[in-house]
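In this text, all values refer to a predicted model and were calculated from it rather than measured experimentally. Reckoned from all heavy atoms, side chains included, excluding hydrogens, waters and symmetry mates.
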Amino acid sequence: MNIDVKCKEIVESALPDFTYVFADWYDADRLVSKLPLPCVVRVLPVGGVLSFKNGRVSDTENGLIAFLDRVPKDATGDEQAAVYNRMKQAAVTFIDAAQRSGYFEPITAATYGVIYEQLSTIVSGVSIEVALTEVPVCL
């Protein structure tokens with residue numbers, strides 16, 4: 001099972017009200033306008049590291065995962081804050097579920113940025129930058 005399948009499974013179990021998307025930003029922007037929100041967008045990774053030790057391999061993908069929901073056009077600061085704080089909590093829920101899944105090495109930090117109406121669909125939320133390292137598996 002690859003990292004994307006594992007992330008999708010985690011979202012489906014920990015955040016059942018969220019739609020899961022795995023795409024580049026261009027395709028995600030197009031898809032988000034057609035899908036039920038809120039959603040989790042796992043942006044195609046830019047790279048990673050394959051580690052080999054004692055006949056085992058683990059994959060680390062340096063990734064960006066966005067947690068998005070719709071906001072009114074020209075939303076006020078309070079409306080934006082309500083959405084990005086709720087999406088930040090969804091990111092925490094995802095990370096906690098990833099930790100408990102047994103799929104990944106412990107995640108000790110995730111840098112986040114706030115998204116304000118940056119896609120064609122009017123959404124706000126947070127994106128987290130996180131390195132997901134699989135628990136090593138036999139070759």
Side-chain angles (χ1 to χ4, degrees):
M1 185 179 336
N2 65 35
I3 289 177
D4 178 53
V5 172
K6 293 173 183 176
C7 287
K8 183 177 182 181
E9 183 179 296
I10 290 166
V11 169
E12 288 172 348
S13 66
L15 298 165
D17 296 335
F18 282 64
T19 303
Y20 180 80
V21 175
F22 180 51
D24 61 35
W25 269 123
Y26 175 79
D27 287 338
D29 189 14
R30 187 175 42 80
L31 291 169
V32 165
S33 68
K34 300 173 184 173
L35 296 172
L37 295 176
C39 71
V40 174
V41 176
R42 185 163 172 274
V43 181
L44 288 167
V46 295
V49 176
L50 291 173
S51 301
F52 303 90
K53 184 176 181 181
N54 300 327
R56 294 181 172 271
V57 64
S58 66
D59 185 5
T60 300
E61 288 185 356
N62 300 320
L64 183 75
I65 305 170
F67 300 80
L68 305 170
D69 202 0
R70 196 172 312 278
V71 292
K73 184 174 173 67
D74 299 322
T76 66
D78 288 340
E79 290 169 323
Q80 296 279 6
V83 172
Y84 77 70
N85 281 314
R86 191 166 32 84
M87 294 301 100
K88 191 182 338 176
Q89 184 55 52
V92 169
T93 299
F94 172 83
I95 291 170
D96 179 57
Q99 304 277 49
R100 290 183 288 105
S101 72
Y103 292 147
F104 304 109
E105 297 289 333
I107 300 167
T108 58
T111 303
Y112 73 91
V114 178
I115 296 171
Y116 298 112
E117 300 180 18
Q118 292 170 315
L119 303 176
S120 57
T121 301
I122 301 172
V123 294
S124 289
V126 298
S127 63
I128 58 171
E129 295 176 35
V130 64
L132 296 173
T133 302
E134 288 181 307
V135 170
V137 294
C138 292
L139 289 172

Do Val49 and Val43 belong together in a cluster built from hydrophobic side chains that touch within less than 4.5 Å?
no
Is there a side chain to side chain contact (heavy atoms under 4.5 Å, CB included) between Val71 and Glu79? Walk through the geometry before answering.
CA-CA 7 Å; Val71 292; Glu79 290 169 323; 5.8 Å; no
In Å and rounded to the nearest 0.5 Å, what is the OG1 to CD1 distance from Thr60 to Ile3?
7.0 Å
Check whether any side-chain heavy atom of Phe94 lies under 4.5 Å from a side-chain heavy atom of Val40, and answer yes or no.
no
Do Val92 and Ile107 belong together in a cluster built from hydrophobic side chains that touch within less than 4.5 Å?
no
Hey, could you give me each pair passing side chain to side chain donor-acceptor pair (under 3.5 Å) that has a residue in residues 102-111? Not counting sequence neighbours.
Glu9-Tyr103
Minimum side-chain heavy-atom gap Thr19-Leu31 below 4.5 Å
no
Please tell me if the side chains of Leu44 and Phe22 come closer than 4.5 Å, counting only heavy atoms from C-beta onward.
yes
With a 4.5 Å heavy-atom cut-off, do Phe18 and Met87 have their side chains touching?
yes
Would you confirm whether Asn54, through its side chain, and Arg56, through its main-chain N or O, come within 3.5 Å as a donor-acceptor pair?
no
How long is the straight-line distance from CD1 of Ile10 back to OG1 of Thr93, given to the nearest 0.5 Å?
12.5 Å
Flag side-chain contact, heavy atom, 4.5 Å: Phe67 against Ile115
no
List the residues meeting salt bridge (charged side-chain N to carboxylate O under 4.0 Å, His left out) with Asp96, not counting sequence neighbours, and say none if there are none.
Arg100
Within the structure provided, determine whether Lys6 and Ser101 are in side-chain contact (heavy-atom separation under 4.5 Å).
no
Partner set under side-chain contact (heavy atoms from CB on, under 4.5 Å) for Ala81, not counting sequence neighbours
Tyr84, Asn85
Taking the side chain as everything from C-beta on, heavy atoms only, tell me whether Tyr20 gets closer than 4.5 Å to Leu35.
no
Under 4.5 Å between any side-chain heavy atoms of Lys73 and Ile122, yes or no?
yes
Here the gap from Cys39 atom SG to Asp69 atom CG, rounded to the nearest 0.5 Å, amounts to 8.0 Å
